[in-house]
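This report concerns only the one structure given below.
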Amino acid sequence: MGAITFFFFIFSIILLAGAVFNVLKYLQPGFYPPKRVLKNRIKWMGFGGVVLGLVGFICMWIFK
């Protein structure tokens with residue numbers, strides 16, 4: 001069960017890092033893709049990262 005929890009945490013970190021990367025690109029002027037696409041990516045990557053992080057913590061708590 002530890003491998004599954006590890007997977008959730010690693011994937012959560014990857015998604016949150018992607019969200020931060022897209023926030024930095026969003027703040028730069030004149031960057032492609034359009035800002036609305038970047039906002040959508042930031043929203044979904046951040047949401048996915050938080051949800052997978054919570055699932056990882058729940059798995060860690062349940063399967064000590």
Are L27 and V20 linked, directly or through other ILVMFWY residues, by side chains that come within less than 4.5 angstrom of each other?
-> no
Value for CD1 (I13) from CG (L52), rounded to nearest 0.5 Å, stands at 11.0 Å
What are the two closest heavy atoms between G46 and A19, and how far apart are they?
-> N-CB, 3.9 Å
Would F11 and L16 show up in the same hydrophobic cluster when neighbours are defined by side-chain heavy atoms closer than 4.5 Å?
-> no
Any side chain to side chain donor-acceptor pair (under 3.5 Å) pairs touching residues 21-37, not counting sequence neighbours?
-> none
Determine whether F7 and F63 fall in the same hydrophobic cluster, where Ile, Leu, Val, Met, Phe, Trp and Tyr are linked whenever their side-chain heavy atoms lie under 4.5 Å apart.
-> yes
Minimum heavy-atom distance between F8 and C59, given as atom pair plus value = CE1-SG, 4.0 Å
For L54, check side-chain contact (heavy atoms from CB on, under 4.5 Å) against everything at least two apart and list the hits.
-> V50
Compare every heavy atom of M45 with every heavy atom of G18, then report the nearest pair and how far apart it is.
-> C-SD, 3.5 Å
Quick one: list whatever passes ring-ring contact (aromatic ring centres under 6.0 Å, His included) with F9, sequence neighbours left out.
-> F57
Does S12 reach the side chain of L15, with side-chain heavy atoms less than 4.5 Å apart?
-> no
Which pairs, with at least one residue in residues 42-52 and sequence neighbours excluded, count as a side chain to side chain donor-acceptor pair (under 3.5 Å)?
-> N40-W44
Quick one: name the residues clustered hydrophobically with I14, using the 4.5 Å side-chain heavy-atom rule over I, L, V, M, F, W, Y, and just say none if it's on its own.
-> F6, I10
For F21, all residues meeting ring-ring contact (aromatic ring centres under 6.0 Å, His included), sequence neighbours excluded = none
